[in-house]
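Contents: one structure, followed by commentary.
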Amino acid sequence: MLEGEAVLECVTDDNHSSVRPDSTLEVFDCVSLMSAEASSGRVVSEPSPVPPSPNPSPSPSHGPDQKIGGGLAGNKYVKLNVGGSLHYTTVQTLSKEDNLLRSMCDGSTEVTIDSEGWVVLDRCGRHFPLVLNFLRDGTVPLPETQRELEEVLNEAQYYRLQGLIQHCLSTLQKRSEVYEGGCHIPMITSAKEEQRMISTCRKPVVKLQNNRGNNKYSYTSNSDDNLLKNIELFDKLGLRFNGRVLFIKDVLGDEICCWSFYGDGRKIAEVCCTSIVYATEKKQTKVEFPEARIFEETLNILIYENGRSSGHGGMALLESGGVSSPGVGQSEEDGGGVGGGDRRVRRIHVRRHIMHDERGHGQQTVYKD
């Protein structure tokens, strides 16, 4: 009973644990005191528990990412997440040289750690293994290409690795001092290699096939000079259109002197510079030098540079340039694919069969097609 408990509490002495039921006056005084307190609003009640907040703020140690300013000096191993590339190393390795990673370990630089304990670095992780190996060994082989070497230099500057920075700068300087020829003309070693080179090349291709030994007849008096002129023109065109057209040379083929022009991985035109001369006693091989025609076909395949041949306008331009100049040679077109003229190859030949009459003076040349 609540009233009885209140009465017993009031008559309980501090020095004695027993209750005095015979003290009626004291009981009534205690009840009167409680009634007066209740009427004045001074009722003492037990404190009710405070309900929890509906959106409590999370503790910093339980968030997805946390930033620590004390460094990683208390740890022996470090887990690094560099742009998604994960690396596991030691604090001793990162502290070998005065750099950004060392300042992260000793607390000079604030460190961001994810919920799984990985130290997060907002950098590309492609070249970070090279940076880490440099800290481990003190030296590292650098990439061969200029672009990748400059990327490594940028990473070294970000991490403030002076040793790696000097290594990259000295390598760049040495490579700039080494002279490399600006024009390279590959030699064909097999038909398979030629097909692969032409099909994978994104630039127009000019091929010169010259094999002077592949001849069962004797040459005319000016054939050697014309053959040398063709080779010299090939070298000059290679220098003039270097970087825009791939020039390749074939000395193993069947043709004595023949030019081939390729675009989009297929043959566009061909200029054959040899002919058979029917003399009075024996046949002879004659080498011509159609310089104008060769130069014209070289200019024609420039339309295939950087994919500019797509569209009917480019093909119409090539078709209009496929007519031979009078007296230079013959022009043939071979249909080799779907679409009619879009897959034709222009074949330009000099006069193939030349027959001389038996008159000793003022020989007249008769052309037979």
Item to check | With Gln92, the side chain to side chain contact (heavy atoms under 4.5 Å, CB included) member among Thr90, Thr89, Leu94 | outcome: Thr90
Checklist outcome for this item: Applied to residues 84-94, the salt bridge (charged side-chain N to carboxylate O under 4.0 Å, His left out) test, sequence neighbours excluded, yields none
For the hydrophobic clusters of this structure (ILVMFWY residues joined by side-chain heavy atoms under 4.5 Å, transitively), does one cluster hold both [X] and [Y]?
{"X": "Leu233", "Y": "Phe261", "result": "yes"}
{"X": "Ile294", "Y": "Leu299", "result": "yes"}
{"X": "Leu169", "Y": "Tyr159", "result": "yes"}
{"X": "Leu239", "Y": "Leu237", "result": "no"}
{"X": "Leu208", "Y": "Leu302", "result": "yes"}

Within the structure provided, determine whether [X] and [Y] are in side-chain contact (heavy-atom separation under 4.5 Å).
{"X": "Ile276", "Y": "Tyr278", "answer": "yes"}
{"X": "Asn230", "Y": "Cys273", "answer": "yes"}
{"X": "Asn210", "Y": "Ile256", "answer": "no"}
{"X": "Glu297", "Y": "Val271", "answer": "yes"}
{"X": "Met104", "Y": "Val78", "answer": "no"}

Checklist entry - How does the hydrophobic cluster around Ile248 look, that is, which other residues are in it when side-chain heavy atoms under 4.5 Å mark a link? => result Ile188, Met197, Ile198, Val205, Leu246, Tyr262
Checklist entry - Hey, is CD on Gln195 packed in by over 12 heavy atoms from elsewhere, all under 6.0 Å? => result no
Next on the checklist: With a sphere of 6.0 Å drawn around NZ of Lys236, does it hold more than 12 non-hydrogen atoms of other residues, nucleotides or ligands?
Outcome noted: no
Between [atom1] on residue [X] and [atom2] on residue [Y], distance to nearest 0.5 Å:
{"X": "Leu252", "Y": "Met187", "atom1": "CG", "atom2": "CE", "value": "7.5 Å"}
{"X": "Glu296", "Y": "Ile301", "atom1": "CD", "atom2": "CD1", "value": "12.5 Å"}
{"X": "Thr220", "Y": "Gln284", "atom1": "OG1", "atom2": "CD", "value": "6.5 Å"}
{"X": "Glu270", "Y": "Cys272", "atom1": "CD", "atom2": "SG", "value": "6.5 Å"}
{"X": "Thr112", "Y": "Asp122", "atom1": "OG1", "atom2": "CG", "value": "9.5 Å"}
{"X": "Leu80", "Y": "Leu132", "atom1": "CG", "atom2": "CG", "value": "7.5 Å"}

Checklist entry - Is any side-chain N of the basic residue among Glu288 and Lys286 closer than 4.0 Å to the acidic one's carboxylate O? => result yes
Checklist entry - With the threshold set at 4.0 Å, does a side-chain nitrogen-carboxylate oxygen contact exist between Arg126 and Glu148? => result yes
Side-chain donor-acceptor pairs under 3.5 Å in residues 149-156, sequence neighbours left out?
from	atom 1	to	atom 2	distance (Å)
Glu150	OE2	Gln146	NE2	3.4
Glu151	OE1	His127	NE2	2.8
Asn154	ND2	Glu150	O	3.3
Glu155	OE2	Arg123	NH2	3.0

Checklist entry - What residues form a side-chain contact (heavy atoms from CB on, under 4.5 Å) with Lys203, not counting sequence neighbours? => result Cys201
Item to check | Results of side-chain contact (heavy atoms from CB on, under 4.5 Å) for Ser190 - residues two or more places apart only | outcome: Lys192, Glu193
Sequence neighbours left out, what passes ring pair (Phe, Tyr, Trp, His ring centres under 6.0 Å) with [X]? Give chain and number order.
{"X": "His167", "value": "none"}
{"X": "Phe234", "value": "Phe247, Trp259"}
{"X": "Phe295", "value": "none"}
{"X": "Phe241", "value": "none"}

Next on the checklist: Under the criterion salt bridge (charged side-chain N to carboxylate O under 4.0 Å, His left out), I'd like the reasoning laid out for Glu232 against Lys229: C-alpha separation, chi angles, the key distance, then a yes or no.
Outcome noted: CA-CA 5 Å; Glu232 290 176 354; Lys229 290 179 180 179; over 6 Å; no
Distance-only donor-acceptor pairs under 3.5 Å for side chains of residues 134-144, two or more places apart:
from	atom 1	to	atom 2	distance (Å)
Arg136	NH1	Asn133	OD1	3.2

Quick one: does [X]'s side chain have a donor or acceptor within less than 3.5 Å of a partner on [Y]'s backbone?
{"X": "Asn226", "Y": "Asn222", "answer": "yes"}
{"X": "Asn211", "Y": "Gly253", "answer": "yes"}
{"X": "Glu97", "Y": "Gln162", "answer": "yes"}

Checklist entry - If you measure only the distance, is there a donor-acceptor pair under 3.5 Å linking the side chains of Ser103 and Ser108? => result no
Item to check | Short side-chain donor-acceptor distance under 3.5 Å, Ser223 and Asp225 | outcome: no
Item to check | Listed once per pair and sorted, the ring pair (Phe, Tyr, Trp, His ring centres under 6.0 Å) pairs that draw on residues 86-113, sequence neighbours left out | outcome: Tyr77-Tyr88, His87-Phe128
Next on the checklist: Can you list everything that forms a salt bridge (Lys or Arg N to Asp or Glu O under 4.0 Å) with Lys207? Sequence neighbours excluded, please.
Outcome noted: Glu194
Next on the checklist: Test side-chain contact (heavy atoms from CB on, under 4.5 Å) on Arg212 and Leu227; report intermediate values, then the result.
Outcome noted: CA-CA 8 Å; Arg212 189 181 182 280; Leu227 183 60; 3.9 Å; yes
Item to check | Worked verdict on Cys105 versus Leu101 for side-chain contact (heavy atoms from CB on, under 4.5 Å) | outcome: CA-CA 6 Å; Cys105 293; Leu101 299 173; 5.6 Å; no
Checklist entry - Is there a side-chain contact (heavy atoms from CB on, under 4.5 Å) between Leu100 and Thr109 once you walk through the steps? => result CA-CA 8 Å; Leu100 177 63; Thr109 302; 4.1 Å; yes
